Amino acid sequence: MRSHRIQRSRSSSPAAIAATAVLAVAAVLAATACGTTRQLQARSSALEYLYPRGVDARPSADVTLRLPVRVGVAFAPARPAYQDRFTASQKQALLERVAAAFRGRQGIGSVEVIPPGYLTLPPAPPPGRGAPSGGEAPAGDGFVELDRVKAAFGIDLVALISYDQMQFSETGRSSWAYWTIVGAYVIKGEKNETRTLMDAVVYDVPSRALLFHASGNSTIAAAATPVDVDRVLRQHSEQGFETATSDLIANLGTALTQFQQQAATGTVRGPGTPAVAMLGPDGLPAGGAGADGSGAAGAFEMAGAALLLLLALCEKRAAARRR
Amino acid sequence: MTRVPWVTLVFVTVAAAVALLPAGAAAFEYDRAAVAAGASWRPFTAQLVHWGTRMAATDLGAVLVLGSVLERRSRRAAVLAMACGLALAAAGLHWLPPPVARYRGSSTIASALYVALALDLGSGARSAAVRGGAVMAAAAFLAKTGFEAATGRALFAGPMPPGVEVLPRAHLLGGLGGAIGWALRGRPPL
(Lines give C-alpha, C1' and ligand atoms only; values in the text may rest on other atoms or scores of the structure.)
Protein backbone atom coordinates (compact mmCIF):
# COMPACT_ATOMS: atom_id res chain seq x y z
CA MET A 1 0.00 0.00 0.00
CA ARG A 2 1.49 3.27 -1.03
CA SER A 3 1.17 6.33 1.20
CA HIS A 4 0.89 9.89 0.08
CA ARG A 5 1.50 13.02 2.05
CA ILE A 6 0.06 16.42 1.27
CA GLN A 7 2.15 19.27 2.59
CA ARG A 8 0.10 22.17 3.88
CA SER A 9 0.81 25.52 2.27
CA ARG A 10 1.72 28.32 4.68
CA SER A 11 0.44 31.00 2.28
CA SER A 12 -3.18 32.19 2.42
CA SER A 13 -3.32 34.29 -0.77
CA PRO A 14 -6.05 33.41 -3.34
CA ALA A 15 -3.40 32.16 -5.72
CA ALA A 16 -1.95 30.04 -3.02
CA ILE A 17 -5.41 28.74 -2.06
CA ALA A 18 -6.10 27.88 -5.73
CA ALA A 19 -2.76 26.18 -6.01
CA THR A 20 -3.44 24.26 -2.83
CA ALA A 21 -6.84 23.20 -4.16
CA VAL A 22 -5.31 22.01 -7.41
CA LEU A 23 -2.63 20.14 -5.50
CA ALA A 24 -5.23 18.60 -3.23
CA VAL A 25 -7.35 17.46 -6.16
CA ALA A 26 -4.30 16.08 -7.90
CA ALA A 27 -3.25 14.31 -4.73
CA VAL A 28 -6.69 12.77 -4.29
CA LEU A 29 -6.67 11.61 -7.89
CA ALA A 30 -3.16 10.26 -7.48
CA ALA A 31 -4.13 8.45 -4.32
CA THR A 32 -7.19 6.99 -5.99
CA ALA A 33 -5.21 5.87 -9.00
CA CYS A 34 -1.94 4.83 -7.42
CA GLY A 35 -2.96 3.35 -4.18
CA THR A 36 -6.20 1.48 -4.82
CA THR A 37 -5.39 -1.84 -3.25
CA ARG A 38 -7.75 -4.69 -2.60
CA GLN A 39 -7.05 -8.17 -1.37
CA LEU A 40 -9.40 -11.11 -1.48
CA GLN A 41 -8.42 -14.31 0.21
CA ALA A 42 -9.96 -17.75 0.35
CA ARG A 43 -8.28 -20.50 2.30
CA SER A 44 -8.67 -23.81 4.06
CA SER A 45 -5.97 -25.61 5.98
CA ALA A 46 -5.52 -29.34 6.56
CA LEU A 47 -3.06 -28.51 9.31
CA GLU A 48 -5.66 -26.46 11.16
CA TYR A 49 -8.20 -29.22 10.68
CA LEU A 50 -6.08 -32.18 11.73
CA TYR A 51 -3.95 -30.53 14.37
CA PRO A 52 -5.99 -27.63 15.78
CA ARG A 53 -4.38 -25.31 18.23
CA GLY A 54 -4.87 -26.43 21.81
CA VAL A 55 -5.22 -30.13 21.01
CA ASP A 56 -2.36 -32.55 21.55
CA ALA A 57 -1.18 -34.17 18.33
CA ARG A 58 -1.15 -37.93 18.65
CA PRO A 59 1.94 -39.70 17.24
CA SER A 60 1.36 -41.75 14.11
CA ALA A 61 1.59 -45.53 14.24
CA ASP A 62 3.02 -48.05 11.78
CA VAL A 63 1.05 -48.45 8.58
CA THR A 64 -0.48 -51.58 7.08
CA LEU A 65 -1.93 -51.09 3.62
CA ARG A 66 -4.06 -53.77 2.01
CA LEU A 67 -3.78 -53.39 -1.75
CA PRO A 68 -5.56 -52.17 -3.70
CA VAL A 69 -6.33 -49.35 -1.29
CA ARG A 70 -9.56 -47.30 -1.19
CA VAL A 71 -8.99 -43.58 -1.11
CA GLY A 72 -11.25 -40.68 -0.17
CA VAL A 73 -10.61 -37.21 -1.56
CA ALA A 74 -11.89 -34.15 0.30
CA PHE A 75 -11.24 -30.50 0.80
CA ALA A 76 -10.08 -29.52 4.25
CA PRO A 77 -12.92 -27.47 5.73
CA ALA A 78 -12.57 -23.71 5.58
CA ARG A 79 -13.61 -21.14 8.13
CA PRO A 80 -16.59 -19.21 6.74
CA ALA A 81 -15.46 -16.03 5.01
CA TYR A 82 -17.52 -13.56 3.04
CA GLN A 83 -14.62 -13.18 0.59
CA ASP A 84 -14.54 -16.88 -0.30
CA ARG A 85 -15.36 -17.14 -4.00
CA PHE A 86 -14.71 -20.89 -4.02
CA THR A 87 -18.17 -22.43 -4.22
CA ALA A 88 -19.21 -25.91 -3.15
CA SER A 89 -20.01 -26.86 -6.74
CA GLN A 90 -16.54 -25.76 -7.85
CA LYS A 91 -15.01 -27.80 -5.06
CA GLN A 92 -17.06 -30.84 -6.02
CA ALA A 93 -15.98 -30.54 -9.67
CA LEU A 94 -12.30 -30.23 -8.77
CA LEU A 95 -12.51 -33.18 -6.39
CA GLU A 96 -14.03 -35.23 -9.23
CA ARG A 97 -11.09 -34.24 -11.43
CA VAL A 98 -8.56 -35.33 -8.83
CA ALA A 99 -10.43 -38.58 -8.19
CA ALA A 100 -10.73 -39.39 -11.90
CA ALA A 101 -6.99 -38.85 -12.38
CA PHE A 102 -6.14 -41.54 -9.83
CA ARG A 103 -8.79 -44.17 -10.47
CA GLY A 104 -7.24 -47.27 -11.96
CA ARG A 105 -3.72 -46.35 -10.88
CA GLN A 106 -1.49 -49.16 -9.71
CA GLY A 107 -2.38 -50.17 -6.16
CA ILE A 108 -5.51 -48.01 -6.00
CA GLY A 109 -8.81 -49.83 -5.85
CA SER A 110 -11.28 -46.97 -5.68
CA VAL A 111 -11.30 -43.21 -5.19
CA GLU A 112 -14.33 -41.71 -3.45
CA VAL A 113 -15.17 -38.02 -3.45
CA ILE A 114 -16.10 -36.81 0.03
CA PRO A 115 -18.56 -33.99 -0.69
CA PRO A 116 -17.73 -30.53 0.66
CA GLY A 117 -19.64 -30.05 3.87
CA TYR A 118 -19.02 -33.55 5.21
CA LEU A 119 -15.96 -32.29 7.04
CA THR A 120 -16.27 -29.44 9.51
CA LEU A 121 -13.69 -27.57 11.49
CA PRO A 122 -13.67 -28.48 15.18
CA PRO A 123 -14.73 -25.66 17.47
CA ALA A 124 -11.87 -23.46 18.56
CA PRO A 125 -10.89 -23.97 22.24
CA PRO A 126 -12.10 -21.26 24.62
CA PRO A 127 -9.60 -18.48 25.16
CA GLY A 128 -7.08 -19.24 27.86
CA ARG A 129 -7.56 -23.01 27.69
CA GLY A 130 -4.68 -25.15 26.58
CA ALA A 131 -4.48 -28.75 25.52
CA PRO A 132 -6.52 -31.40 27.28
CA SER A 133 -4.82 -33.03 30.25
CA GLY A 134 -2.72 -36.18 29.69
CA GLY A 135 -4.68 -39.32 28.98
CA GLU A 136 -7.77 -37.42 27.92
CA ALA A 137 -8.81 -38.17 24.35
CA PRO A 138 -8.19 -35.16 22.14
CA ALA A 139 -11.70 -35.14 20.71
CA GLY A 140 -11.15 -31.90 18.90
CA ASP A 141 -8.87 -32.99 16.09
CA GLY A 142 -10.06 -33.77 12.59
CA PHE A 143 -8.99 -37.40 12.78
CA VAL A 144 -12.00 -38.17 14.96
CA GLU A 145 -14.22 -37.01 12.13
CA LEU A 146 -12.07 -38.82 9.56
CA ASP A 147 -12.63 -42.06 11.48
CA ARG A 148 -16.38 -41.61 10.97
CA VAL A 149 -15.91 -40.72 7.30
CA LYS A 150 -13.69 -43.79 6.89
CA ALA A 151 -16.47 -45.99 8.24
CA ALA A 152 -19.17 -44.26 6.19
CA PHE A 153 -17.31 -44.31 2.85
CA GLY A 154 -15.27 -47.47 3.39
CA ILE A 155 -11.95 -45.82 2.71
CA ASP A 156 -8.44 -46.61 3.92
CA LEU A 157 -6.63 -43.41 2.99
CA VAL A 158 -7.78 -39.85 2.75
CA ALA A 159 -6.34 -37.14 0.54
CA LEU A 160 -7.08 -33.79 2.15
CA ILE A 161 -6.75 -30.80 -0.11
CA SER A 162 -6.07 -27.34 1.27
CA TYR A 163 -6.24 -24.16 -0.75
CA ASP A 164 -5.14 -20.60 -0.38
CA GLN A 165 -6.03 -18.05 -3.01
CA MET A 166 -5.06 -14.39 -2.84
CA GLN A 167 -6.41 -11.88 -5.29
CA PHE A 168 -4.60 -8.60 -5.36
CA SER A 169 -5.92 -5.66 -7.28
CA GLU A 170 -3.79 -2.57 -7.61
CA THR A 171 -3.99 0.35 -9.99
CA GLY A 172 -0.52 0.67 -11.44
CA ARG A 173 1.60 3.73 -12.08
CA SER A 174 0.95 3.71 -15.81
CA SER A 175 -2.79 3.97 -15.26
CA TRP A 176 -2.19 6.88 -12.89
CA ALA A 177 -0.56 8.73 -15.79
CA TYR A 178 -3.59 8.02 -17.96
CA TRP A 179 -5.84 9.09 -15.15
CA THR A 180 -4.20 12.45 -14.67
CA ILE A 181 -3.70 13.30 -18.32
CA VAL A 182 -6.51 11.71 -20.27
CA GLY A 183 -9.19 10.77 -17.78
CA ALA A 184 -10.87 7.73 -16.33
CA TYR A 185 -12.47 6.40 -19.51
CA VAL A 186 -9.27 5.88 -21.35
CA ILE A 187 -7.53 3.91 -18.63
CA LYS A 188 -5.92 0.96 -20.33
CA GLY A 189 -6.23 -1.36 -17.40
CA GLU A 190 -5.25 -2.38 -13.95
CA LYS A 191 -2.81 -4.88 -12.71
CA ASN A 192 -4.74 -7.78 -11.24
CA GLU A 193 -2.99 -10.83 -9.91
CA THR A 194 -4.51 -14.01 -8.61
CA ARG A 195 -2.27 -16.46 -6.83
CA THR A 196 -3.57 -19.89 -5.94
CA LEU A 197 -1.85 -22.59 -3.95
CA MET A 198 -3.33 -26.04 -3.47
CA ASP A 199 -1.78 -28.65 -1.25
CA ALA A 200 -2.78 -32.27 -0.81
CA VAL A 201 -1.77 -34.46 2.11
CA VAL A 202 -2.48 -38.18 1.98
CA TYR A 203 -3.04 -39.87 5.34
CA ASP A 204 -3.55 -43.43 6.41
CA VAL A 205 -6.57 -42.87 8.63
CA PRO A 206 -6.17 -45.73 11.15
CA SER A 207 -2.52 -44.98 11.88
CA ARG A 208 -2.72 -41.16 11.50
CA ALA A 209 0.43 -41.42 9.38
CA LEU A 210 1.16 -38.91 6.66
CA LEU A 211 2.11 -40.98 3.62
CA PHE A 212 2.95 -38.29 1.09
CA HIS A 213 1.98 -34.82 -0.02
CA ALA A 214 2.12 -32.63 -3.09
CA SER A 215 1.16 -29.12 -4.07
CA GLY A 216 0.10 -27.20 -7.14
CA ASN A 217 0.03 -23.51 -7.80
CA SER A 218 -1.08 -20.93 -10.30
CA THR A 219 -0.42 -17.25 -10.90
CA ILE A 220 -2.65 -15.25 -13.18
CA ALA A 221 -1.93 -11.63 -13.97
CA ALA A 222 -4.00 -9.70 -16.49
CA ALA A 223 -5.38 -6.25 -17.10
CA ALA A 224 -8.97 -5.16 -16.57
CA THR A 225 -10.82 -1.87 -16.53
CA PRO A 226 -12.14 -0.79 -13.12
CA VAL A 227 -15.73 -1.56 -14.06
CA ASP A 228 -14.72 -5.10 -14.98
CA VAL A 229 -12.59 -5.84 -11.94
CA ASP A 230 -15.13 -7.93 -10.06
CA ARG A 231 -16.05 -10.03 -13.06
CA VAL A 232 -12.41 -10.57 -14.03
CA LEU A 233 -11.39 -11.43 -10.48
CA ARG A 234 -14.16 -13.99 -10.32
CA GLN A 235 -13.03 -15.49 -13.63
CA HIS A 236 -9.42 -15.49 -12.48
CA SER A 237 -10.44 -17.15 -9.24
CA GLU A 238 -12.05 -20.02 -11.13
CA GLN A 239 -9.18 -20.23 -13.59
CA GLY A 240 -6.65 -20.17 -10.76
CA PHE A 241 -8.28 -23.12 -9.03
CA GLU A 242 -8.49 -25.04 -12.31
CA THR A 243 -4.83 -24.49 -13.19
CA ALA A 244 -3.59 -25.17 -9.67
CA THR A 245 -5.61 -28.39 -9.63
CA SER A 246 -3.97 -29.55 -12.87
CA ASP A 247 -0.57 -28.81 -11.37
CA LEU A 248 -1.57 -30.59 -8.17
CA ILE A 249 -2.70 -33.72 -10.06
CA ALA A 250 0.60 -33.94 -11.91
CA ASN A 251 2.62 -33.49 -8.73
CA LEU A 252 0.44 -35.96 -6.83
CA GLY A 253 1.15 -38.57 -9.50
CA THR A 254 4.87 -38.07 -9.03
CA ALA A 255 4.53 -38.14 -5.24
CA LEU A 256 2.51 -41.36 -5.44
CA THR A 257 5.20 -43.06 -7.53
CA GLN A 258 7.90 -41.89 -5.13
CA PHE A 259 5.86 -43.11 -2.17
CA GLN A 260 5.45 -46.55 -3.75
CA GLN A 261 9.20 -46.77 -4.26
CA GLN A 262 9.87 -45.53 -0.75
CA ALA A 263 7.31 -47.88 0.80
CA ALA A 264 9.07 -50.82 -0.85
CA THR A 265 12.02 -50.12 1.46
CA GLY A 266 9.76 -50.59 4.49
CA THR A 267 9.19 -47.08 5.82
CA VAL A 268 6.77 -44.31 4.95
CA ARG A 269 9.22 -41.51 4.35
CA GLY A 270 12.62 -42.93 5.27
CA PRO A 271 14.42 -43.75 8.52
CA GLY A 272 12.66 -42.50 11.62
CA THR A 273 9.21 -42.48 10.03
CA PRO A 274 6.51 -45.14 10.59
CA ALA A 275 7.08 -48.58 9.11
CA VAL A 276 4.83 -49.59 6.25
CA ALA A 277 3.72 -53.07 5.26
CA MET A 278 1.74 -53.64 2.09
CA LEU A 279 -0.45 -56.70 1.73
CA GLY A 280 -1.80 -57.98 -1.56
CA PRO A 281 -5.41 -59.02 -2.14
CA ASP A 282 -4.40 -62.55 -1.10
CA GLY A 283 -3.20 -61.24 2.27
CA LEU A 284 0.41 -61.99 1.43
CA PRO A 285 2.96 -59.23 1.76
CA ALA A 286 3.12 -57.17 -1.39
CA GLY A 287 5.63 -54.72 -0.02
CA GLY A 288 8.34 -54.31 2.52
CA ALA A 289 11.96 -55.25 2.13
CA GLY A 290 12.68 -56.90 -1.19
CA ALA A 291 9.31 -55.89 -2.60
CA ASP A 292 10.80 -55.05 -5.97
CA GLY A 293 12.72 -57.89 -7.57
CA SER A 294 15.08 -58.22 -10.41
CA GLY A 295 16.78 -60.90 -12.37
CA ALA A 296 20.08 -59.33 -13.21
CA ALA A 297 22.82 -60.87 -15.28
CA GLY A 298 26.20 -59.75 -14.06
CA ALA A 299 29.88 -60.47 -14.37
CA PHE A 300 29.35 -64.20 -13.93
CA GLU A 301 26.86 -64.49 -16.79
CA MET A 302 29.02 -62.32 -19.05
CA ALA A 303 32.14 -64.37 -18.31
CA GLY A 304 30.17 -67.59 -18.76
CA ALA A 305 28.73 -66.38 -22.03
CA ALA A 306 32.22 -65.51 -23.26
CA LEU A 307 33.51 -68.95 -22.22
CA LEU A 308 30.65 -70.75 -23.96
CA LEU A 309 31.13 -68.61 -27.08
CA LEU A 310 34.81 -69.52 -27.08
CA LEU A 311 33.99 -73.21 -26.64
CA ALA A 312 31.48 -73.06 -29.49
CA LEU A 313 34.05 -71.41 -31.77
CA CYS A 314 36.64 -74.05 -30.85
CA GLU A 315 34.14 -76.77 -31.61
CA LYS A 316 33.30 -75.18 -34.93
CA ARG A 317 36.94 -74.82 -35.88
CA ALA A 318 37.65 -78.43 -34.90
CA ALA A 319 34.71 -79.58 -36.99
CA ALA A 320 35.95 -77.55 -39.96
CA ARG A 321 39.42 -79.09 -39.63
CA ARG A 322 37.94 -82.56 -39.54
CA ARG A 323 36.09 -81.88 -42.81
CA MET B 1 25.69 -73.36 -38.87
CA THR B 2 25.30 -70.13 -40.83
CA ARG B 3 21.65 -69.52 -40.00
CA VAL B 4 20.59 -66.10 -38.73
CA PRO B 5 19.44 -66.30 -35.07
CA TRP B 6 16.09 -64.62 -35.74
CA VAL B 7 14.37 -65.60 -32.52
CA THR B 8 17.15 -64.16 -30.40
CA LEU B 9 17.36 -61.03 -32.53
CA VAL B 10 13.61 -60.47 -32.32
CA PHE B 11 13.62 -60.92 -28.53
CA VAL B 12 16.49 -58.49 -28.04
CA THR B 13 15.01 -55.97 -30.49
CA VAL B 14 11.60 -56.03 -28.84
CA ALA B 15 13.13 -55.66 -25.37
CA ALA B 16 15.25 -52.74 -26.56
CA ALA B 17 12.22 -51.11 -28.20
CA VAL B 18 10.16 -51.46 -25.02
CA ALA B 19 13.01 -49.85 -23.10
CA LEU B 20 12.74 -46.82 -25.37
CA LEU B 21 9.01 -46.36 -24.77
CA PRO B 22 8.36 -43.70 -22.11
CA ALA B 23 6.04 -45.90 -20.05
CA GLY B 24 7.14 -49.23 -21.51
CA ALA B 25 8.72 -50.67 -18.39
CA ALA B 26 5.77 -49.76 -16.16
CA ALA B 27 3.31 -51.26 -18.64
CA PHE B 28 5.15 -54.59 -18.99
CA GLU B 29 6.71 -55.15 -15.56
CA TYR B 30 5.44 -57.76 -13.14
CA ASP B 31 3.13 -56.05 -10.66
CA ARG B 32 1.44 -58.28 -8.12
CA ALA B 33 -1.54 -55.97 -7.63
CA ALA B 34 -2.04 -55.59 -11.38
CA VAL B 35 -1.81 -59.35 -11.93
CA ALA B 36 -4.42 -59.85 -9.22
CA ALA B 37 -6.58 -57.35 -11.08
CA GLY B 38 -6.35 -59.42 -14.28
CA ALA B 39 -3.12 -58.40 -16.04
CA SER B 40 -2.04 -62.02 -16.34
CA TRP B 41 0.52 -61.32 -19.07
CA ARG B 42 2.79 -59.36 -16.77
CA PRO B 43 4.75 -62.32 -15.29
CA PHE B 44 5.85 -63.07 -18.86
CA THR B 45 6.41 -59.57 -20.21
CA ALA B 46 8.42 -58.71 -17.10
CA GLN B 47 11.31 -60.60 -18.73
CA LEU B 48 11.44 -57.92 -21.43
CA VAL B 49 11.91 -54.87 -19.22
CA HIS B 50 14.63 -53.62 -16.91
CA TRP B 51 15.26 -51.25 -14.01
CA GLY B 52 17.89 -49.28 -15.87
CA THR B 53 20.09 -48.95 -18.94
CA ARG B 54 23.09 -50.73 -17.42
CA MET B 55 20.94 -53.67 -16.40
CA ALA B 56 19.27 -53.81 -19.82
CA ALA B 57 22.65 -53.75 -21.58
CA THR B 58 24.04 -56.58 -19.41
CA ASP B 59 20.96 -58.79 -19.59
CA LEU B 60 20.29 -58.30 -23.28
CA GLY B 61 24.00 -58.58 -24.10
CA ALA B 62 24.09 -61.98 -22.41
CA VAL B 63 20.89 -63.07 -24.17
CA LEU B 64 22.26 -61.92 -27.53
CA VAL B 65 25.56 -63.81 -27.21
CA LEU B 66 24.16 -67.01 -25.69
CA GLY B 67 21.01 -67.05 -27.83
CA SER B 68 22.90 -66.44 -31.06
CA VAL B 69 25.37 -69.27 -30.43
CA LEU B 70 22.70 -71.75 -29.31
CA GLU B 71 20.24 -70.81 -32.05
CA ARG B 72 22.89 -71.28 -34.71
CA ARG B 73 23.52 -74.75 -33.32
CA SER B 74 19.82 -75.60 -32.75
CA ARG B 75 16.97 -73.16 -33.14
CA ARG B 76 14.60 -75.67 -31.62
CA ALA B 77 16.76 -76.01 -28.51
CA ALA B 78 17.02 -72.24 -28.19
CA VAL B 79 13.30 -71.64 -28.56
CA LEU B 80 12.39 -74.44 -26.15
CA ALA B 81 14.97 -73.25 -23.62
CA MET B 82 13.64 -69.69 -23.75
CA ALA B 83 10.01 -70.81 -23.53
CA CYS B 84 10.55 -73.20 -20.64
CA GLY B 85 12.75 -70.73 -18.78
CA LEU B 86 10.14 -68.01 -19.26
CA ALA B 87 7.25 -70.22 -18.12
CA LEU B 88 9.03 -71.55 -15.04
CA ALA B 89 10.29 -68.13 -14.00
CA ALA B 90 6.86 -66.54 -14.49
CA ALA B 91 5.19 -69.22 -12.38
CA GLY B 92 7.88 -69.05 -9.70
CA LEU B 93 7.69 -65.28 -9.64
CA HIS B 94 4.00 -65.32 -8.86
CA TRP B 95 3.59 -68.42 -6.76
CA LEU B 96 6.81 -69.10 -4.89
CA PRO B 97 7.62 -67.30 -1.64
CA PRO B 98 8.75 -64.75 -0.78
CA PRO B 99 6.34 -62.68 -2.85
CA VAL B 100 7.57 -59.68 -4.76
CA ALA B 101 5.55 -56.59 -5.56
CA ARG B 102 7.28 -55.86 -8.85
CA TYR B 103 9.86 -57.58 -11.04
CA ARG B 104 11.88 -56.76 -14.13
CA GLY B 105 14.75 -58.48 -15.90
CA SER B 106 15.80 -60.74 -18.78
CA SER B 107 18.43 -62.68 -16.90
CA THR B 108 16.00 -65.57 -16.59
CA ILE B 109 16.19 -65.99 -20.34
CA ALA B 110 19.95 -65.56 -20.22
CA SER B 111 20.17 -68.28 -17.57
CA ALA B 112 17.99 -70.63 -19.61
CA LEU B 113 20.13 -70.11 -22.70
CA TYR B 114 23.33 -70.46 -20.68
CA VAL B 115 22.38 -73.86 -19.28
CA ALA B 116 20.97 -75.10 -22.57
CA LEU B 117 24.12 -74.08 -24.46
CA ALA B 118 26.40 -75.60 -21.82
CA LEU B 119 24.47 -78.88 -22.05
CA ASP B 120 24.49 -78.76 -25.83
CA LEU B 121 28.25 -78.27 -26.00
CA GLY B 122 28.91 -80.68 -23.13
CA SER B 123 26.97 -83.47 -24.77
CA GLY B 124 27.51 -82.78 -28.44
CA ALA B 125 31.06 -81.54 -28.84
CA ARG B 126 33.60 -83.92 -30.26
CA SER B 127 36.50 -82.25 -28.54
CA ALA B 128 37.04 -83.46 -25.00
CA ALA B 129 38.37 -80.04 -24.03
CA VAL B 130 35.20 -78.36 -25.23
CA ARG B 131 33.06 -80.91 -23.44
CA GLY B 132 35.08 -80.45 -20.27
CA GLY B 133 34.81 -76.67 -20.51
CA ALA B 134 31.07 -76.84 -21.01
CA VAL B 135 30.61 -79.14 -18.05
CA MET B 136 32.67 -76.77 -15.93
CA ALA B 137 30.52 -73.84 -17.09
CA ALA B 138 27.35 -75.73 -16.18
CA ALA B 139 28.78 -76.73 -12.81
CA ALA B 140 29.79 -73.14 -12.08
CA PHE B 141 26.25 -71.98 -12.87
CA LEU B 142 24.80 -74.63 -10.58
CA ALA B 143 27.18 -73.68 -7.78
CA LYS B 144 26.43 -69.97 -8.17
CA THR B 145 22.66 -70.29 -8.22
CA GLY B 146 22.75 -72.88 -5.44
CA PHE B 147 24.73 -70.47 -3.28
CA GLU B 148 22.34 -67.64 -4.13
CA ALA B 149 19.27 -69.75 -3.34
CA ALA B 150 20.76 -70.93 -0.05
CA THR B 151 21.89 -67.53 1.17
CA GLY B 152 19.39 -65.26 -0.56
CA ARG B 153 22.28 -63.13 -1.75
CA ALA B 154 23.03 -62.47 -5.40
CA LEU B 155 26.59 -62.86 -6.66
CA PHE B 156 28.21 -60.50 -9.19
CA ALA B 157 24.88 -58.83 -9.99
CA GLY B 158 26.12 -55.26 -9.81
CA PRO B 159 24.32 -52.30 -8.23
CA MET B 160 20.52 -52.21 -8.26
CA PRO B 161 18.20 -49.20 -7.88
CA PRO B 162 17.11 -48.42 -4.29
CA GLY B 163 14.52 -50.89 -3.04
CA VAL B 164 15.23 -53.46 -5.75
CA GLU B 165 16.79 -56.80 -4.86
CA VAL B 166 18.01 -59.56 -7.13
CA LEU B 167 15.85 -62.68 -6.89
CA PRO B 168 18.09 -65.77 -6.88
CA ARG B 169 15.18 -68.02 -7.74
CA ALA B 170 14.77 -66.26 -11.07
CA HIS B 171 18.18 -67.51 -12.20
CA LEU B 172 17.63 -70.96 -10.73
CA LEU B 173 14.26 -71.39 -12.43
CA GLY B 174 15.58 -69.95 -15.66
CA GLY B 175 18.44 -72.43 -15.65
CA LEU B 176 16.08 -75.29 -14.85
CA GLY B 177 13.81 -74.21 -17.69
CA GLY B 178 16.81 -74.12 -20.01
CA ALA B 179 17.74 -77.66 -19.07
CA ILE B 180 14.17 -78.87 -19.61
CA GLY B 181 13.91 -77.07 -22.92
CA TRP B 182 17.19 -78.51 -24.11
CA ALA B 183 16.06 -82.01 -23.08
CA LEU B 184 12.81 -81.54 -24.97
CA ARG B 185 14.51 -80.50 -28.23
CA GLY B 186 13.86 -83.99 -29.57
CA ARG B 187 16.89 -84.38 -31.81
CA PRO B 188 20.65 -84.15 -31.39
CA PRO B 189 22.33 -80.81 -32.02
CA LEU B 190 23.62 -80.05 -35.45
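Quick note on labels: first sequence line is chain A, next is B, and so on, each numbered from 1. As the structure is a computational prediction, the values presented were derived from the model and not from experiment.
- Between chain A and the options B/Ala89, B/Ala125, B/Ser127, the largest number of non-hydrogen pairs under 4.5 Å is found for B/Ala125.
- Residue with the most contacts toward chain A among B/Ala170, B/Ala56, B/Ser106, B/Ala140: B/Ala140 (heavy-atom pairs, distance under 4.5 Å).
- Only the side chain of B/Val69 has a heavy atom closer than 4.5 Å to any heavy atom of chain A.
- Across all their heavy atoms, B/Thr58 and A/Met302 have their closest contact at O-SD, 3.7 Å.
- With a threshold of 4.5 angstrom between heavy atoms, B/Ser68 does not approach chain A through any atom at all.
- By the neighbour-count criterion of 12 heavy atoms within 6.0 Å, atom CZ of A/Arg195 is sparsely surrounded, having that number or fewer from other residues, nucleotides or ligands.
- With a 4.5 Å cut-off on non-hydrogen atoms, B/Phe141 touches chain A through its backbone and its side chain both.
- When each of B/Leu66, B/Leu70, B/Asp120 is checked for a side-chain contact (heavy atoms from CB on, under 4.5 Å) with A/Leu308, only B/Leu66 meets the rule.
- A/Glu315 and B/Arg126 make their closest contact through OE2-N, 3.2 Å (heavy atoms, listed as atom of the first residue, atom of the second, distance).
- Nearest heavy-atom pair, A/Cys314 versus B/Val130, reported as atom, atom and distance to 0.1 Å: CB-CG2, 3.9 Å.
- Surrounding OH of A/Tyr118 are at most 12 heavy atoms belonging to other residues, nucleotides or ligands under 6.0 Å away.
- Of all non-hydrogen atoms in A/Leu307 and B/Ala137, the two that sit nearest each other are CD2-CB, 3.9 Å.
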